[in-house]
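A note on names: the letters A, B, ... follow the listed sequences, proteins ahead of strands, and every chain is numbered from 1.
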Amino acid sequence: MRNLEVAKILYEIADLLELKGVEFKPYAYRRAAQTVESLSKDIEDVYKEGKLEDLPGIGKNIAQKIAEYIETGKIKSYEGLKKKMPFDFESLLSVGGLGPKKVSILYKKLRVKNLNDLEKAAKLGKIRKLAGFGEKTEKDILENIGIAKMRNERMLLGIALPIAEEIEQRLKELKEVRKVVTAGSLRRRKETIGDLDILITSSNPTKVMEYFTTMPDVKDIIAKGPTKASVRLKNGLQIDARVVKDSEFGSALLYFTGSKEHNIALRKVAISKKLKLSEYGLFKNNKQIAGKTEEDVYKKLGMPYIEPEMRENLGEMELALKHALPKIIGYNDILGDLHMHTNWSGNPNNIEDMALHAKHFGYKYICITDHTKSLAIEHGLNEKQIEKQAKEIKKVDKKLDGIKILHGAEVNINADGILDIRNETLKNLDIVIAGIHSGFKGNATERIVKAMENRNVDIISHPTGRLIQYRKGYDIDLQKLFDKAKETGTILEINSQPKRLDLNDINARAAIEHGCRLVINTDAHSTEQLNNMRLGIAVARRAWAKKKDVINTNSLDKMLKRLK
DNA sequence: GCCGTTTTCGGCCCGACTGTTTTCAGTCG
C-alpha cells in the first residue's frame with residue numbers, strides 16, 4: 001500500500017505552494033492528502049477502478065497527479081516545485097514558531113537553507129535585525145531548533161493516557177477547579193498523541209493558569225494568558241490548557257477535542273444553517289443558542305451526539321445528519337480476554353494470577369495462550385508441555401469461581417505457512433491463535449492464508465505485525481487476508497499492546513466492512529498488561545466496530561460458537 | 001484546486017497569543 005507515500009507528497013505540495021504564497025491551493029492539497037491518508041482501501045486499487053475523483057477533496061487535477069505517481073513513480077510538477085525550492089523546507093518548517101512567511105524571509109535575507117544555517121544565523125545575532133523578527137524570536141528559534149532536531153515522535157497512547165490522568169487528578173484537587181477534561185487526540189484515543197489539551201472550568205482562571213504553569217515537572221512555559229497557556233514538561237510532552245466558562249464548556253470541548261477536520265465540517269454545517277460555531281458556542285445573530293454541552297451543540301445542528309473516537313470527518317457527519325450513526329462498542333462490553341501469557345513461557349505471573357486479575361474487570365472467561373516451541377526466546381511450549389499445561393489449567397479452573405479458564409496457544413506460523421505444533425495437539429485446545437513472529441521479509445500473505453485454512457486455527461494474532469514508530473509490518477495483501485478470513489471464519493485480532501494496536505483503526509474498519517469478525521485481546525505478558533484492553537477497545541471504536549463485530553463481547557457459550 | 005439545500009463562480013473555519021508592533025501579521029491549534 002502506497003497511500004502514505006502519496007499523502008506525504010500531497011502534503012509537501014501544499015507546503016511548497018504555501019511557501020510560494022499561493023492562496024487556497026494548499027488547503028485543497030491538504031484536504032486531498034487527508035483523504036488518502038485515512039483511506040482504508042489501497043489507493044492503487046481506487047485508481048485502477050477509475051474512481052479517484054469520487055474521493056472527497058480529489059478532483060481532476062489531483063487525481064491526475066496521483067495517477068501519474070502510480071504509473072511512473074513521479075509527479076513532474078511536484079519535482080519541478082521541489083527543484084525550484086532552494087532550501088530544506090521540511091525541516092525549517094518543523095521549527096516551532098517558523099511558518100512559511102518567516103522561513104521565506106530567512107532565506108531571502110540571510111540565505112538560510114537548513115537547520116545548520118538557521119542555527120548559525122541565530123547564534124551570530126543576525127536574525128534579530130530582520131524586520132518582523134526580534135531578540136525573543138531569535139532566542140526561541142535557537143531553542144526550538146534543538147527540539148526539532150531531537151523531537152521524539154508522537155507519544156504512544158498507552159503512555160500518554162496515564163500521564164494525562166495524573167495531571168487531571170492534580171488539577172481536580174484544586175478548590176478553584178470545577179471540571180477538568182483532557183480533550184484533543186487523547187480523547188479521540190488516537191494511537192499516538194502529539195500533545196495534551198486540557199480543558200478546565202473554574203471560579204478563578206488566573207489562579208488555575210498560575211498553578212498549571214508552575215507544576216513541578218514543567219520545564220518551559222510556551223505561552224501564558226489569562227485563559228490559555230502551554231507548557232512543556234521535562235519528559236518533552238507539551239500540554240495546552242484552557243479555562244472556559246460553564247456556559248461554553250460543551251462548545252469548547254468540541255473545539256478542543258477535534259479533530260480539526262471534524263470541527264471544520266461542523267462549522268460548515270453551522271454556516272449552512274446561518275449559524276456560527278466557535279469554541280464559545282453556537283451563535284445565531286451573535287446570540288449563543290448552544291454551548292453548555294456537546295449534546296446541545298450537536299442537537300441544534302440537527303444531529304445526535306458523536307462519540308469522540310468517531311470524530312475524524314470520515315463519514316460520521318453525513319450519517320449523523322441522517323440520524324444513522326452506528327452504535328459502537330462500549331468500554332464495558334468485553335466479557336473475556338482470549339490472548340495472554342504466563343510463567344509457562346517465561347513470564348512473571350502464573351495461571352491463577354492472570355485469572356484472578358482478569359476477574360476484577362468483570363470478565364466471565366479468559367484463555368491462556370502461551371507461545372509455542374519455535375519461539376525459543378519466549379520459552380515456547382512443545383506438544384508435551386501443552387498437554388501438561390492442560391491439566392494444570394483444569395486444576396486452577398476448578399479452584400476458581402466466577403471465571404472460566406480456557407486453554408489455548410499462540411502458535412507460530414513458520415516460513416512455509418506450517419504451524420509449529422501438530423494438529424493432534426491443536427485440536428484438543430479450546431482456542432488456537434496463530435501468528436507470525438519471525439521471518440518478516442517472506443510472503444506473509446501466503447503464510448497467513450495457509451494458516452487460516454487449517455481448521456484448528458481460530459484467530460490470527462496481530463495480523464500486520466507492525467510496531468508503532470518502529471517497524472512497518474509485513475508486506476501483506478489485506479484484501480486477500482480479509483477474503484480468506486471471511487471464507488474460513490477465522491477471527492482477526494485487535495491486539496491491545498500499546499506498541500501494536502494491530503489491526504489498527506483504519507484496517508479494522510476495512511475488515512468489518514469486508515464482513516470479518518474481530519476479537520480484542522491484550523496479549524498480556526503480565527497481570528499489569530491486562531489493563532491494556534481499553535486501548536484495543538479504543539481502536540475498535542475508532543473503527544466503528546459494533547458489539548456484534550467483536551466475538552469476546554459474547555457470553556462464553558455464544559463466543560465458543562463463533563469459533564471454527 | 002475543489003466544490004455546491006448561498007451550485008458552475010466565488011468562496012474556502014475561527015480565534016488566541018506572541019512579538020514586534022503603534023494597529024497587526026504570523027503562527028498555532
Side-chain angles (χ1 to χ4, degrees), chain A residues 10 13-14 16-35 52-66 77-78 92-106 127-141 144 183-185 193-199 205 209 213 221-231 238-244 248 251-252 254-283 302 313 318 321-322:
Chain A
L10 294 174
I13 295 178
L16 287 160
L17 291 170
E18 195 159 50
L19 282 161
K20 279 181 72 180
V22 178
E23 282 190 292
F24 304 116
K25 287 192 194 184
Y27 176 89
Y29 275 96
R30 289 202 178 105
R31 184 160 142 64
Q34 276 153 15
T35 296
L52 283 176
E53 285 188 52
D54 291 355
L55 299 173
I58 296 181
K60 205 173 147 215
N61 274 288
I62 294 183
Q64 246 171 32
K65 291 191 170 75
I66 295 175
S77 58
Y78 161 69
L92 289 175
L93 286 176
S94 75
V95 176
L98 291 188
K101 297 279 172 12
K102 284 193 169 146
V103 167
S104 294
I105 295 172
L106 285 166
I127 291 176
R128 67 180 75 178
K129 291 174 190 151
L130 298 174
F133 292 73
E135 259 182 68
K136 183 72 172 39
T137 309
E138 190 174 82
K139 195 174 141 262
D140 287 348
I141 286 175
N144 291 334
S185 50
I193 304 297
D195 54 29
L196 297 184
D197 303 286
I198 298 186
L199 195 63
M209 289 288 98
T213 50
I221 300 173
I222 300 166
K224 183 185 172 187
T227 63
K228 189 176 168 180
S230 296
V231 299
Q238 182 177 322
I239 312 180
D240 302 330
R242 192 138 167 187
V243 185
V244 300
E248 297 162 351
S251 45
L254 259 181
Y255 161 77
F256 235 11
T257 298
S259 68
K260 198 173 166 183
E261 292 70 32
H262 180 85
N263 286 344
I264 290 173
L266 268 185
R267 283 170 179 178
K268 285 180 178 166
V269 174
I271 291 169
S272 77
K273 295 182 186 297
K274 299 210 194 296
L275 304 173
K276 188 187 73 170
L277 178 62
S278 76
E279 59 261 53
Y280 299 110
L282 184 65
F283 295 88
N313 196 30
E318 292 78 358
L321 285 167
K322 285 191 271 183

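When the nearest nucleotides of DNA chain B are assigned to A:Glu138 and A:Leu275 by heavy-atom distance, the more 5′-ward of the two goes with A:Leu275. For the pair A:Gly225 and A:Ser278, both in contact range of DNA chain B, the more 5′-proximal nearest nucleotide belongs to A:Ser278.
Here the P atom of nucleotide B:dC17 and the NZ atom of A:Lys136 are 15 Å apart, to the nearest Å. What separates CD1 of A:Ile222 from C1' of B:dT18 is a distance of 13 Å, to the nearest Å. The distance from atom CZ of A:Phe283 to atom C1' of B:dG15 is 11 Å, rounded to the nearest whole Å. Here the C1' atom of nucleotide B:dT6 and the NZ atom of A:Lys274 are 6 Å apart, to the nearest Å. A:Glu135 places its CD atom 12 Å from the C1' atom of B:dG19, with the value rounded to the nearest Å. Distance A:Arg242 CZ to B:dA16 P: 6 Å, rounded to the nearest Å. Put simply, CZ on A:Phe133 is 11 Å from P on B:dT21, counting in whole angstrom units. Across the protein-nucleic acid pair, A:Leu199 atom CG and B:dA16 atom C1' stand 14 Å apart, rounded to whole Å.
Atom CG of A:Asp195 is separated from atom CG of A:Asp240 by 5.0 Å, given to the nearest 0.5 angstrom. Rounding to the nearest 0.5 Å places CD of A:Gln34 at 8.0 Å from OG of A:Ser259. To the nearest 0.5 Å, atom NZ of residue A:Lys102 and atom CG of residue A:Leu93 are 12.5 Å apart. A:Ile62 CD1 to A:Leu10 CG: the interatomic distance, rounded to the nearest 0.5 Å, is 6.0 Å. Rounding to the nearest 0.5 Å gives a distance of 7.0 Å between CZ of A:Phe133 and CD1 of A:Ile127. Atom-to-atom distance recorded for A:Ile222:CD1 and A:Thr213:OG1 is 12.0 Å, nearest 0.5 angstrom.
Under a cut-off of 6.0 angstrom, the local environment of NZ in A:Lys224 is crowded, with over 12 non-hydrogen atoms contributed by other residues, nucleotides or ligands.
For the pair A:Phe256 and A:Arg242, the minimum side-chain heavy-atom distance is below 4.5 Å.
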Quiz item: What string of B, S and - do you get for nucleotides 22-29 of chain B, 5' to 3', if B is base contact, S is sugar-phosphate-only contact and - is no contact with any protein heavy atom under 4.0 Å?
Solution: ----SSSB

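Remark: the separation of the C1' atoms in B:dG10 and B:dG15 is 24 Å, to the nearest Å. B:dC17 and B:dT23 are spaced 16 Å apart, taking the C1' atom of each and rounding to whole Å. B:dT21 and B:dG26 have their C1' atoms separated by 12 Å, with the value rounded to a whole Å.
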Self-check item: Verdict with supporting geometry, A:Val103 and A:Val95, side chain to side chain contact (heavy atoms under 4.5 Å, CB included)
Solution: CA-CA 10 Å; A:Val103 167; A:Val95 176; over 6 Å; no

Dump the pairs, protein N or O against N or O of nucleotides 9-11 of chain B, anything under 3.5 Å, distances to one decimal.
none

Using a cut-off of under 3.5 Å, enumerate the N/O to N/O pairs linking the protein to nucleotides 1-3 of chain B.
from: B:dG1; atom 1: OP1; to: A:Asn61; atom 2: OD1; distance (Å): 3.4
from: B:dG1; atom 1: OP2; to: A:Lys25; atom 2: NZ; distance (Å): 3.3
from: B:dC2; atom 1: OP1; to: A:Gly59; atom 2: N; distance (Å): 2.7
from: B:dC2; atom 1: OP1; to: A:Gly59; atom 2: O; distance (Å): 3.3
from: B:dC2; atom 1: OP1; to: A:Ile62; atom 2: N; distance (Å): 3.0
from: B:dC2; atom 1: OP2; to: A:Asn61; atom 2: N; distance (Å): 3.4
from: B:dC3; atom 1: OP1; to: A:Gly57; atom 2: N; distance (Å): 2.7

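When heavy atoms are screened at a 4.0 angstrom cut-off, A:Thr227 is found touching the sugar-phosphate backbone but no base atom.
Taking 4.0 angstrom as the limit, A:Ser230 places none of its side-chain polar atoms (N or O) nearer than this to OP1 or OP2 of B:dC17.
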